[in-house]
S.K.: 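Submitted below is the structure of interest, expressed as structure tokens.
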Amino acid sequence: MLTKKQIEFCLETIGDMFPDAECELVHDNPFELVIAVALSAQCTDALVNKVTKTLFQKYKKPEDYLAVPLEELQQDIKSIGLYRNKAKNIQKLCKMLIEEYGGEVPRDRDELVKLPGVGRKTANVVVSVAFGVPAIAVDTHVERVSKRLGFCRWKDSVTEVEKTLMKKIPESEWSATHHRLIFFGRYHCKAQRPKCEECPLFSLCREGQKRYKKGLVKLP
DNA sequence: CTCCCGATAT
DNA sequence: ATATCAGGAG
């Protein structure tokens, strides 16, 4: 586990590497964001954007998703994967929005989590990106980066990772830091071929040291 | 814990 | 051929 000072140094460095990190899911309003994030489970943002580009032209409002048979919606999002669950969730979600939320996306995290296909991570993305509420959505990248660097313990659940990060990062920095961690994980500290050789955090990274001992990292 | 699942990188 | 991708539900 890194000290609070070390974590601050890491976040500052990562901020210098990705100063303008932001949400990469293309959307025009909170409703489109909810759909995009729900679709993004176990799938790349790039692929979600490819699908929503045409999807959002065909479906504008919750009513539009309910106006077609389930099978048609499935076909429209098939290339994303997990498409049967996602199509069903989207139709149920739209039904709930209409019947219980006046057709609008709720601004409250606890209400968002009640929507089918929307868990803690998705709700955090929506309140943060769409409504400007401070939040840290712990996705696969944030979890991996936090554990590799030693922001938290290896066995921590995503809930524990989120609590730890919220405790060690000032609230005003939650949303920006969260996006920087995602960019760092997506483009630098990648799951399959992390760029340890050119990483400014290598010397204090627990995973980096482990990889070095294994001979996986060749220093210049 | 398992299942859902196609696209892409390695 | 296998690992991974802005996870969530049962």
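Atoms considered below: every heavy atom in the structure, side chains included; atoms not considered: hydrogens, waters and symmetry mates. Sequence lines set the chain letters: A, B, ... in the order given, protein chains first and strands last, and positions in each chain run from 1. All of these numbers come straight from a predicted model, not from anything done at the bench.
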S.K.: Over how many whole Å does the gap from L115(A) atom CG to dG8(C) atom C1' extend?
M.R.: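 Spelled out: CG on L115(A) to C1' on dG8(C) is 13 Å.
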
S.K.: Looking only at the side chain of S79(A) (C-beta and beyond, no hydrogens), which of the listed nucleotides dA7(B), dC5(B), dA6(C) gets closest?
M.R.: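 Of all the options, the side chain of S79(A) is nearest to dA7(B).
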
S.K.: From CG of L82(A) over to P of dA7(B), roughly how many Å is that when rounded to an integer?
M.R.: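 Nearest whole value for this atom pair: 12 Å.
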
S.K.: In whole angstrom, give the distance that lies between atom CD of Q42(A) and atom P of dA7(B).
M.R.: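 So the CD-P distance, Q42(A) to dA7(B), works out to 16 Å.
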
S.K.: Check this for me: does any side-chain nitrogen of one of R186(A) and E24(A) sit under 4.0 Å from a carboxylate oxygen of the other?
M.R.: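 The answer is yes: the pair qualifies as a salt bridge.
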
S.K.: Both C23(A) and P116(A) contact DNA chain C. Which one's nearest nucleotide lies toward the 5' end?
M.R.: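 On the 5' side of the pair lies C23(A).
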
S.K.: What integer number of Å spans the C1' atoms of dT2(C) and dC5(B)?
M.R.: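 Here dT2(C) and dC5(B) have their C1' atoms 15 Å from each other.
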
S.K.: With nearest nucleotide decided by heavy atoms, which residue, K114(A) or H178(A), maps closer to the 5′ end of DNA chain C?
M.R.: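 Its nucleotide being nearer the 5' end, the pick is H178(A).
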
S.K.: Please give the distance between the C1' atoms of dA9(C) and dA7(B) as a whole number of Å.
M.R.: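 Going atom to atom, C1' in each nucleotide, I get 23 Å.
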
S.K.: Classify the ring geometry of F183(A) against Y187(A): parallel below 30°, tilted from 30° to 60°, perpendicular beyond 60°.
M.R.: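 F183(A) vs Y187(A) ring planes: perpendicular.
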
S.K.: Evaluate the side-chain hydrogen bond (donor to acceptor under 3.5 Å, both in side chains) criterion for residues E162(A) and N124(A): first the C-alpha distance (whole Å), next the side-chain angles of each, then the deciding distance (0.1 Å), finally the verdict.
M.R.: CA-CA 10 Å; E162(A) 184 185 339; N124(A) 274 332; 3.3 Å; yes

S.K.: Taking atom P in both dA3(C) and dT2(B), compute the distance separating them and give it to the nearest angstrom.
M.R.: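 It works out to 15 Å between them.
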
S.K.: Starting from the 5' end of DNA chain B, give me the residue, G81(A) or K50(A), whose nearest nucleotide shows up first.
M.R.: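 Its nearest nucleotide lies further toward 5', so the answer is G81(A).
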
S.K.: Expressed in angstrom and rounded to an integer, what is the separation of R84(A) atom CZ from dG7(C) atom C1'?
M.R.: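 Whole-Å distance recorded here is 18 Å.
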
S.K.: Taking the inter-plane angle between the rings of Y65(A) and Y59(A) on a 0 to 90° scale, is it parallel (under 30°), tilted (30 to 60°) or perpendicular (over 60°)?
M.R.: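 Aromatic pair Y65(A)/Y59(A) classed parallel.
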
S.K.: What integer distance in Å separates Q192(A):CD from dT2(C):P?
M.R.: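 From Q192(A) CD to dT2(C) P: 14 Å.
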
